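Scroll down for the structure; my scribbles are underneath it.
In what follows, chains are A, B, ... by sequence order, proteins preceding strands, each numbered from 1. No experiment lies behind these values; they were computed from the predicted model shown.
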Amino acid sequence: MMKRTKIKDLLSSTEFGRQVVVKGWVKTFRNDRFIAINDGSTLNNIQAVVDFEHTGEALLKRLTTGAAVSVTGELVESLGKGQRVEVKVTELEILGDSDAEKFPLQPKKHSLEFLREIAHLRFRTNTFNAVFKIRHHLAFAVHQFFYSKGFVYMHTPVITGSDAEGAGEMFRVSTIDFDNIPRNEDGTVDYTADFFGKPTNLTVSGQLEGELAAMAFSDIYTFGPTFRAENSNTTRHLAEFWMIEPEMAFYDIRDNMDLAEELLKYVIKTALENCPDELEFLRNRLLEEEKSKPQNERSDLDLIAKLNFCLENEFERLTYTEAVEVLRNSKPNQKKQFKYPIEGWGADLQSEHERYLVEKHYKKPVILTDYPADIKSFYMRLNDPDAQGRRTVRAMDILFPGIGEIVGGSQREERYDHLVGRMDEIGIPRHEMDWYLDTRRFGSVPHSGFGLGFERLVLFVTGMTNIRDVIPFPRTPKNAEF
RNA sequence: UCCUGAGUAGCUCAGCCGGUUAGAGCAUCUGACUGUUAAUCAGAGGGUCGCUGGUUCGAGCCCAGCCUCAGGAGCCA
């Protein structure tokens, strides 16, 4: 029995005359004669040519879109145009039939909305083949980047007993029988009867645990699933997503920004190097899509040019205070085109403001730093008050065109008294965070870290526009299929 | 959660001012053709018009409620 060869290897082979075995799924079967077969090793199909005059009619009928086949034959130079090599079939076996009347994928363009409904089959389309191949390379590149810098990959818990992480609504983890809830005498739920003996949730961030590890290894990162029970219905939010969270001892906010920018550029460069076919396919797909848009809504750069532009240019760095000035003097603000006009210092920036800065004003990734303390988390390092006495924290958000916030991070507050002061202000009970506060009691050092939304990164690199199309099985409000 | 829009054949969509038997392209099936490239040509089958209720002589179309989806906003990665 001959060993099968992957289609990717065959398409670049010059060993004409060699006997080969190809296994894969039928994309189309044309002219009773030409099978386009794909095995996922490449975006491209190999053409297998059947001698239909000497092949049973019943067998030919089973060559339907989606069927799994094994063909044996000679690798030859193609007689036709459109492909360099093809397989002259001597043996044809159907490994798995696919009922043509029921298989939902057709050799034509499908809407992304429809494909989302059949997410279990959409891997077999060119678009999703390309998207998930790129996703794979990006994930691997993240590990490579940190490995080369001596970071330790840390697995922080998925189930957490802390409810003070302060990053939105959480999913409760429980084994309590909801039809028969154990109660205390006062009627409240008796969590001592639950699996962990107390309320537990799915993690919304591994940051706090990451900080503990950074206080021993200096440089660590996490890369794992993260859960937010927010009722968010947007193209850039998921209830279950993957986040990369490095945490570095002895890093200040500037070191933190440098690392984040270097990481982003490294993984984008890796994608460009390793996925040229996939990116080219997605680039053309986008260009095709833009043809139906009016001129002024089309992008200046195509996908690959956009990624290269991102590599070749420094991210624009400015403080919140500077950004507010830019926005205040901007045309849309003066012409009152913002829905939320920029009036003063202190309010959080709205989507429209971030978009203006990134997409209109600077036209490249922007890193915003030093936000007002009142709109940011308790663990962020407090700056000395400025000349006007305004309190800011050393936060940094990286904003990408079309995506918005892709990275959120900060230098952490390493001073015990300041940290506790902020917790008291916000009303976070000290005793719940005692383990976290220990890092500030025993050998506290300046340190920094950030969270990078992996799916938002994949969105940017693939040029897709809906985050549900860059994760295999999206979990969103009212949707946990498959 | 809020705002806007959509839901008609397996898919993408058309359907006039409320009027008789709801259409097209692709897909599927049948046949023809045989170096095709989402093959081509001819023919056929295929519908609970999202759901529930209402208005009307009559509703795919008008009204109300609900469900689902999409885009935008908020929350954020």
Side-chain angles (χ1 to χ4, degrees), chain A residues 27-36 44-53 57 60-61 64-66 76 78-83 86 88 98-118 125-126 165-169 204-207 223-245 260 338-340 348-355 375-377 395 397-400 403-409 450-460 465-471 476-479 481:
Chain A
K27 283 277 193 171
T28 64
F29 180 46
R30 289 184 295 268
N31 221 340
D32 270 358
R33 188 168 201 175
F34 304 102
I35 323 172
N44 301 308
N45 307 323
I46 197 160
Q47 174 159 288
V49 187
V50 181
D51 180 7
F52 72 96
E53 280 161 327
E57 212 169 297
L60 291 178
K61 282 258 182 296
T64 54
T65 301
V76 297
S78 179
L79 295 175
K81 288 168 193 160
Q83 59 281 315
E86 62 191 21
K88 210 171 145 187
S98 171
D99 186 339
E101 280 193 75
K102 290 179 183 150
F103 188 62
L105 293 173
Q106 303 159 20
K108 73 162 203 175
K109 219 175 187 128
H110 288 289
S111 68
L112 294 171
E113 289 85 352
F114 171 66
L115 292 172
R116 234 168 265 156
E117 290 170 18
I118 51 164
T125 64
N126 293 333
E165 287 173 9
E169 292 296 309
V204 291
S205 165
Q207 180 199 320
F223 186 173
T226 310
F227 307 87
R228 304 268 167 95
E230 298 287 352
N231 192 6
S232 296
N233 295 287
T234 76
T235 52
R236 49 187 193 286
H237 288 87
L238 292 165
E240 175 185 284
F241 63 101
W242 289 67
M243 186 154 64
I244 297 139
E245 294 181 286
F338 285 140
K339 198 174 163 205
Y340 299 90
D348 211 350
L349 301 180
Q350 302 289 319
S351 275
E352 57 177 352
H353 305 139
E354 296 182 349
R355 289 181 88 123
I375 60 172
K376 288 290 183 182
S377 304
D397 284 359
I398 302 186
L399 310 176
F400 263 35
I403 312 289
E405 189 178 342
I406 195 166
V407 164
F450 60 84
L452 165 62
F454 185 58
E455 281 76 18
R456 290 190 181 174
L457 172 67
V458 182
L459 264 187
F460 181 73
T465 51
N466 191 318
I467 204 162
R468 294 160 208 156
D469 296 330
V470 298
I471 189 167
T476 52
K478 301 272 181 292
N479 183 12
E481 286 302 304

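Between the side chain of R456(A) and the base of C76(B), a donor-acceptor pair under 3.5 Å is found. Side chain S232(A) to base C76(B): no donor-acceptor pair is found below 3.5 Å.
Across all strands shown, H110(A) has heavy atoms under 4.0 Å from sugar-phosphate atoms exclusively, and none from any base. In this structure, N233(A) reaches the bases: a heavy-atom distance under 4.0 Å links it to at least one base atom across the strands shown. Among the heavy atoms of the strands lying under 4.0 Å from E113(A) are primed sugar atoms or P, OP1, OP2 only; no base atom is included. At a threshold of 4.0 angstrom between heavy atoms, the contacts of S351(A) are confined to the sugar-phosphate backbone, with no base atom among them. Heavy atoms of I403(A) sit nowhere under 4.0 angstrom from any nucleic acid atom. Backbone-only contact: K478(A) has heavy atoms under 4.0 Å from sugar-phosphate atoms and none from a base.
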Sugar-phosphate or base contact per nucleotide [nucleotides 32-47 of chain B; S, B, -; heavy atom under 4.0 Å]: -BBBBBBB--------

Dot-bracket line, read 5' to 3' along RNA chain B, where crossing pairs take [ ] and | marks a partner on another strand, Watson-Crick or G-U under 3.5 Å: (((((((..((((.....[...)))).(((((.......))))).....(((((..]....))))))))))))....

Pair L238(A)-E455(A), side-chain contact (heavy atoms from CB on, under 4.5 Å): steps then yes or no: CA-CA 9 Å; L238(A) 292 165; E455(A) 281 76 18; 3.8 Å; yes

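Regarding H353(A), its NE2 atom lies at a distance of 12 Å from the P atom of A73(B), rounded to whole Å. The separation between K376(A) atom NZ and C75(B) atom P is 10 Å, rounded to whole Å. Regarding F103(A), its CZ atom lies at a distance of 16 Å from the C1' atom of C26(B), rounded to whole Å. Here U30(B) presents its P atom at 13 Å from CG of L60(A), a figure rounded to the nearest Å. For the pair R116(A) CZ and A6(B) P, the computed distance is 19 Å after rounding to whole Å.
Residues satisfying the side-chain contact (heavy atoms from CB on, under 4.5 Å) criterion with T64(A), sequence neighbours excluded, are A67(A), S98(A), A100(A). With sequence neighbours excluded, no residue forms a salt bridge (charged side-chain N to carboxylate O under 4.0 Å, His left out) with E86(A). Evaluation of the side-chain contact (heavy atoms from CB on, under 4.5 Å) rule for N466(A) yields R116(A), T235(A), R468(A), D469(A) as partners, not counting sequence neighbours. Applying the side-chain contact (heavy atoms from CB on, under 4.5 Å) criterion to A36(A), with sequence neighbours excluded, gives K27(A), T28(A), N45(A).
Using atom P as the reference point in both U48(B) and G60(B), the two lie 14 Å apart (nearest Å).
Relative to the side chain of T234(A), the nucleotides A77(B), C76(B), G74(B) differ in distance, and G74(B) lies closest. Of the candidates G71(B), A73(B), C11(B), the closest approach to any side-chain atom of Q350(A) belongs to A73(B).
Where T64(A) and Q106(A) meet RNA chain B, the nucleotide closest to each residue was compared, and Q106(A) sits on the side nearer the 5' end.
Residues H353(A) and F338(A) bring their aromatic ring centres within 6.0 Å.
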